[in-house]
Amino acid sequence: MISRAAPRGKPALGPFPPPAPSLDPPRRHPRGRAMPMEKTFNAAEAEPRIYAAWEDAKAFAAGANASRAETFCIMIPPPNVTGSLHVGHAFNNTLQDILVRWQRMRGFDTLWQPGTDHAGIATQMVVERALAKEGNEDRRTMGRERFIERVWQQKVESRGNITGQLKRLGASCDWDREAFTMGGAPGDPDRDSGAPNFHDAVIKVFVDMFEKGYIYRGKRLVNWDPHFETAISDLEVEQVEVDGKMWRLRYPLENGETYEHPIEFDEEGRPSDWETRDYLTVATTRPETMLGDTGVAVHPTDVRYGHLIGKTVRLPIVGRSIPIVADEYADPDKGTGAVKITPAHDFNDWDVGARTGLSAINVMSTTAAMSLKGEDFAAGCDPDDIARAIQMFDGIDRYEARDSIVTLARDEGWLDGIDEDRHMVPHGDRSKTAIEPYLTDQWFVDTAKIVQPAIDAVRSGETEILPEQDKKVYFNWLENIEPWCISRQLWWGHQIPVWYGPTFDENNENVIAPDGTYFCASSIDEVQAKAEAHYSKLLGDQITVEIEQPGLPKPMHNASGVAYENGTVRLASVVLTRDPDVLDTWFSSGLWPIGTLGWPEQTDELKRYFPTSVLVTAFDIIFFWVARMMMMQYAVVGQKPFDTVYVHALVRDEKGKKMSKSLGNVLDPLDLVDEFGADAVRFTLAALAAMGRDLKLSTSRIQGYRNFTTKLWNAVRFAEMNGVYDAGAPTQYRRDADVLQTANKWIVGETAKVRETVDEALANYRFNDAANALYAFVWGKVCDWYVEFSKPLLNSEDTEIVAETRATMGWVLDQCMILLHPIMPFITEELWQTTAAREKMCVHADWPTYQATDLVDEKADAEMNWVIALIDGIRSARAQMHVPVGLYIPVQALEFGDAARAAWTRNETLIKRLARVESLSEINEMPKGAITIAAEGALFCLPLADIIDVAEEKARLEKTLAKLEKELAGLNARLSNEKFLASAPEDVVEDTRDAAAVKQDEAAKLKAALDRLADLE
RNA sequence: GGGUGAUUAGCUCAGUGGUAGAGCGCUUCGUUCACAUCGAAGAUGUCGGCGGUUCGAAUCCGUCAUCACCCA
């Protein structure tokens, strides 16, 4: 390392040494340091510095460090542009970053595509709240143009907010390619920045899908959010259980009809008494909708009402005569068995109405106030009744109207009763207000037409969904797909590319609908051409088409005529008006994979990276996003959007509740990063990644992994203090190098094993397996054993041994940094660069490919395991027998096989050091008062007559023996079972035999020791 | 009502047919020159109940119980 020129023990004087020659990427950060490393990693200081170095080096750019042809591409699930990072994002992006960093180090041509979502309702809500808080005029007063301008302003202000937070986590996205789902839309200040024009892509898709017949306009019942005054999709509705009431209302039968209704029942529940009724009682949780009732349904087999089917009741208040219809939707066992039907305000009733031919009368406004001025409301009713109803209820909020109607019903005697009732009420997931089923014209994607390729792709394995169980969820939803309502009555979003013009009567003379004809096109020029062609052909004249301009007053009429010489008035021009609605946010995010890569241009990136490799997402947006991306990519480009969908858990709070702002249980990942460092947070999330569907985050766990970073740091610090980096960067490990020391051979083999485990785990998205394997290796093997083993070797008189051990340790620790880098990028980069001058940054270090079969030395492995078992045995015996920790004790070998003797000899210094052994001698007879330790091929005694208690040693041996014998009994039982020998695989039988033999041997030794102890007494 | 999943150490949970695991917590001991954000040693499980398949079940099947989530 060039800058650390000062010899050990002599602090450097004077200015920092000159920096390393300029490299790209820079070799190390410019902190010369002659002092030993600090005791801990200063994450707060280092993380921003390291991240800046990566960015300066363009380390995350698409294709950076690529050394092979294969590509690896992940599309980030775009967070809301005005949002902030929550733990779910942290988890989601940590997993993506691990994969991307891993593949980048492997030399794949990687792209992690970042960006944000314009999030229609959510963003509009944020801005409206901001306006209210600032005391500004509201959206309606501002008007659409100024409001949109204000939202763009908000977008610019929020820019970098969430992406900055992702950077703090270490996310290695190609930020130069940052995309936005409304990029390029009118008003975008970055419209000419050269970024992919997402807006044009979205509009083109709409037009294409419209022309293919995948998109249609229709009058349907939709979920209406009265707060935002927009339609929302089924998925944006959440059911909330609320305390409410069930009101029973009496609708009088017309024309003197009556029926017998049971009022008393015998012990077996059979009716025993009846009364004659001239009304039907219906039960409802929403009395205000009765104004729109157009029928009453009874079950076709209901004996009470059979003869009434086809008769009518008179709707109170309105006086509308409505039919009694037969439909199986009416459950004879529920309530009275008669159900009021309001097709315009209830999805079930809509279906009943469709089956039985009932009309739908809309009685509410867009804000869910009663709205009774429609012609269909008054049709067929007494004008006086209608006038009274309008006077009493028109313009009244739905809940006030409910109370008034109930009061009126009580006063007029048609309230039958009130029951307490707890039931589910649909709410808008953003507005949290009760949604209103509402009859409007909306745009729909005819999902049934495009769903099949999305199903087939997963069915055939073309696209893999992991874990397996989420496929079921995916299929279940797609196979029962409903039309997707994509129009939103919002201002913030992609405005629908449809323009309306007049429709003429059959003689092409009079306008019968001013906006009854529509044209779909991706530009004004195109729509003008289309409309001119249409009207010119229709009217047999050259027609000029004008487009209504935003901000200008709307023309009074949509068709204007000029007088011709012969006196007839012929049309000269029409004016088209654009559909004011915008598209559902998920329509545009459904195009994320192709839109971010520049489609419809056949860009280089599109060719290279599409279809993408893997989508990493939480299961809660499988429907919202994953399924729709599948459908839309197939519908638009006829290809799958990704090879694999990896679905992960939702992060929940300690009680297992979904974190949400309204519950106030949100953990801020940035607080955790501040406290523990990004690496610890990332490692924790990786380690928890497989834990079922819920992931409960606790700070004690993060703290534990923070400690792990410190452990790694100090292992490297130890190496540095012991001259491992004196000769510069560790070199490639060579199998034929002069590695003679068993401990060195052993740790090299262990390193190869963990490399295989990590690769295997990451290839299968088993992040927890990778994290746990690395944790166990670094802490349990490298730190607990190898560093300890190395101490006598590094202090050896033999310079060959010192050199070999330094080289091995340097290599092993380099491997730790590399293998840990995808999970803990900051500390590994810091260690990588501060320990030595390097060819490349850690972020671009070559991921190793060595195999355990090449690097594991079976003999060294066996020998070190023997040493470790012996040290464990001595330590355990010492601790249990209360031998003072600091006391070095003599050890005697009673039995000493050749292999054991060789193993001891080769590793004597480290056994002595770690087990605190003073000396070894060989004996022929068990001394009096000794602790016995059985090892493979040897029996050791600790002659400590002065210290130990014979009874206590006896108890210790008995306990060990009891455990051993229990295990042995199990093994022997299996081995004596002929069916086991016959049926079990050979290697299992072999393993069982070996294990039994070893335990048998150990047990025999312990028994002998116990016998000798008995002799003592 | 329909669907999906869960039930393993005090807590949070890994483990999908072959001798029950991790982290945290707990107990005892330790100022050994990488690390007290540490080290050494230790305790704790009829793997929800019952039945079945199997040489062998935490793991596969059935059933019951309890809980959670999604959809009506």
Side-chain angles (χ1 to χ4, degrees), chain A residues 36-41 234-235 237-239 347-348 424 426 467 469-470 472-473 476-477 480 619-620 622-623 650 652 654-658 676-677 680 684 687-722 724 766 768-769 771-772 775-776 779-780 782-784 787-788 790-791 795 871-872 874-886 888 913-916 963 966-971 973-985 987-989 991-992 995-996 999:
Chain A
M37 289 167 65
E38 299 294 324
K39 280 191 172 186
T40 57
F41 173 54
D234 299 349
L235 292 176
V237 174
E238 54 188 27
Q239 302 291 334
F347 285 96
N348 288 315
M424 302 300 263
Q469 70 232 30
D470 288 301
K472 294 183 195 169
V473 182
N476 189 45
W477 191 69
N480 299 290
F619 69 83
D620 61 337
I622 290 180
F623 307 142
L650 281 184
R652 295 177 188 277
E654 302 133 302
K655 294 171 194 162
K657 294 280 180 208
K658 186 172 172 176
F676 300 108
T684 309
L688 292 171
M691 292 189 176
R693 293 219 115 179
D694 298 349
L695 184 152
K696 294 173 196 167
L697 203 56
S698 69
T699 48
S700 68
R701 189 119 191 179
I702 304 174
Q703 191 177 326
Y705 291 120
R706 190 273 320 271
N707 296 353
F708 175 62
T709 64
T710 306
K711 193 73 181 173
L712 173 71
W713 181 265
N714 278 286
V716 175
R717 180 169 178 256
F718 169 83
E720 201 226 21
M721 292 168 75
N722 282 278
V724 166
R766 302 189 62 102
N768 59 319
D769 286 353
N772 290 336
Y775 185 96
W779 201 315
V782 175
C783 293
D784 285 350
V787 167
E788 296 305 324
S790 76
K791 285 174 182 171
N795 291 327
I871 293 168
D872 272 344
I874 296 174
R875 280 175 170 175
S876 180
R878 288 176 59 126
Q880 285 179 62
M881 299 310 294
H882 314 296
V883 178
V885 174
Y888 278 75
R913 183 186 175 106
L914 296 184
R916 313 234 132 196
K963 199 180 162 194
K966 193 183 162 196
E967 290 168 2
L968 200 52
L971 293 173
R974 289 161 66 191
L975 287 169
S976 58
N977 182 340
E978 282 178 26
K979 285 184 179 172
F980 171 70
L981 299 176
S983 317
D987 57 328
V988 171
V989 175
D991 288 351
T992 311
K999 288 191 192 300

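The model shown is predicted, which means the values in this text are computed figures rather than measured ones. Below, chain A is the first sequence line, B the second, and so on; all start at residue 1.
The OH atom of A/Y705 sits 16 Å away from the P atom of B/rU12 (whole-angstrom rounding). In this structure, A/W477 atom CH2 and B/rC69 atom P are separated by 22 Å, rounded to whole Å. If you take CD of A/Q703 and C1' of B/rC38, they are 13 Å apart, rounded to a whole angstrom. As rounded to whole Å, 14 Å separates atom P of B/rC38 from atom CG of A/L712. Computed from coordinates, the A/D769 CG to B/rG23 P distance equals 15 Å when rounded to whole Å. For the pair A/F708 CZ and B/rC38 P, the interatomic distance rounds to 12 Å; values are reported in whole Å. The nearest whole Å value for the distance from the CZ atom in A/R878 to the P atom in B/rG42 is 14 Å. In this structure, A/K966 atom NZ and B/rU46 atom C1' are separated by 11 Å, rounded to whole Å.
Across all strands shown, B/rA58 forms no Watson-Crick or G-U wobble pair with both key distances under 3.5 Å. Remark: B/rU32 base-pairs with no nucleotide; criterion is Watson-Crick or G-U wobble with both hydrogen-bond distances under 3.5 Å. In this entry B/rC69 has B/rG3 as its Watson-Crick or G-U wobble partner, both defining distances falling under 3.5 Å.
Residue A/R875 is in sugar-phosphate contact alone, with no base atom involved, counting any heavy-atom pair closer than 4.0 Å across all strands shown. Within the nucleic acid shown, A/N348 has no heavy atom closer than 4.0 Å to any nucleic acid atom. If you check every strand for non-hydrogen atoms under 4.0 Å, A/K39 touches sugar and phosphate atoms only. At the heavy-atom level, A/K791 lies under 4.0 Å from base atoms of the strands shown. As judged by a 4.0 angstrom heavy-atom cut-off over every strand, A/P884 is placed among residues making no nucleic acid contact. Using a 4.0 Å heavy-atom criterion, one finds that A/R913 contacts no nucleic acid atom at all.
The listed nucleotides are B/rA34, B/rG18, B/rU19; the one nearest the side chain of A/M721 is B/rA34. Side chain of A/R701, nearest nucleotide from B/rA34, B/rG18, B/rU12: B/rU12. Among the nucleotides B/rU19, B/rC55, B/rG18, the one closest to any side-chain atom of A/N977 is B/rC55. Closest to the side chain of A/E967, from the set B/rG18, B/rG39, B/rU19, is B/rU19. Distance from the side chain of A/R974 is smallest to B/rG18 among B/rG18, B/rC35, B/rA41. Out of B/rU19, B/rA41, B/rC55, the shortest distance to the side chain of A/S983 is found at B/rC55. Ranking B/rG39, B/rA41, B/rC55 by closeness to the A/D784 side chain, first place goes to B/rG39. The side chain of A/K711 sits closest to B/rC35 out of B/rC35, B/rU32, B/rG42. The side chain of A/N707 lies closest to B/rU37 when the candidates are B/rG18, B/rA41, B/rU37. The A/N714 side chain lies nearest to B/rC35 when the options are B/rC24, B/rC35, B/rA41.
The side chain of A/R766 contributes no N or O atom lying less than 4.0 Å from OP1 or OP2 of B/rA14. Between A/R706 and the phosphate of B/rU37, there is no side-chain N or O to OP1/OP2 separation shorter than 4.0 Å.
Counting only distance, with no hydrogens or angles, the side chain of A/N977 and the backbone of A/K979 share a donor-acceptor pair below 3.5 Å.
The minimum heavy-atom distance linking A/R875 with A/L914 is given by the pair NE-O, 3.2 Å. When all heavy atoms are compared, the tightest approach of A/T992 to A/R974 is OG1-NH2, 3.7 Å. The minimum heavy-atom distance linking A/A687 with A/N768 is given by the pair O-CB, 3.3 Å. Taking all atoms of both residues into account, the shortest heavy-atom contact from A/R878 to A/R916 is NH1-O, 2.8 Å.
For the P atom pair drawn from B/rA72 and B/rU54, the interatomic distance equals 44 Å after rounding to whole Å. Distance check on atom C1': B/rA43 versus B/rG1 gives 49 Å, rounded to whole Å. Across B/rG17 and B/rC13, the matching P atoms stand 24 Å from one another, rounded to whole Å. If you take atom C1' in B/rG56 and the same atom in B/rA20, they sit 15 Å apart, rounded to whole Å. As rounded to the nearest Å, B/rU4 and B/rA9 have P atoms that lie 27 Å from one another. B/rA6 and B/rG23 are spaced 25 Å apart, taking the P atom of each and rounding to whole Å. With C1' as the reference atom, B/rG10 and B/rU44 are 8 Å apart, rounded to whole Å. Nucleotides B/rG45 and B/rA22, compared at atom C1', are 15 Å apart to the nearest Å.
Judged by closest nucleotide on RNA chain B, A/K999 is the one of A/K999 and A/K979 placed further toward the 5' end. With RNA chain B read from its 5' end, the first of the two nearest nucleotides for A/V885 and A/V716 is the one closest to A/V885.
Ring to ring, A/Y705 and A/Y775 are close: their centroids are under 6.0 angstrom apart.
Under the 30°/60° scheme for interplanar angles, the aromatic rings of A/F708 and A/W779 are found to lie parallel.
Side-chain N/O atoms of A/Q880 and base N/O atoms of B/rA40 include no donor-acceptor pair closer than 3.5 Å.
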Step-by-step side-chain hydrogen bond (donor to acceptor under 3.5 Å, both in side chains) determination, A/Q703 to A/T699:
CA-CA 6 Å; A/Q703 191 177 326; A/T699 48; over 6 Å; no
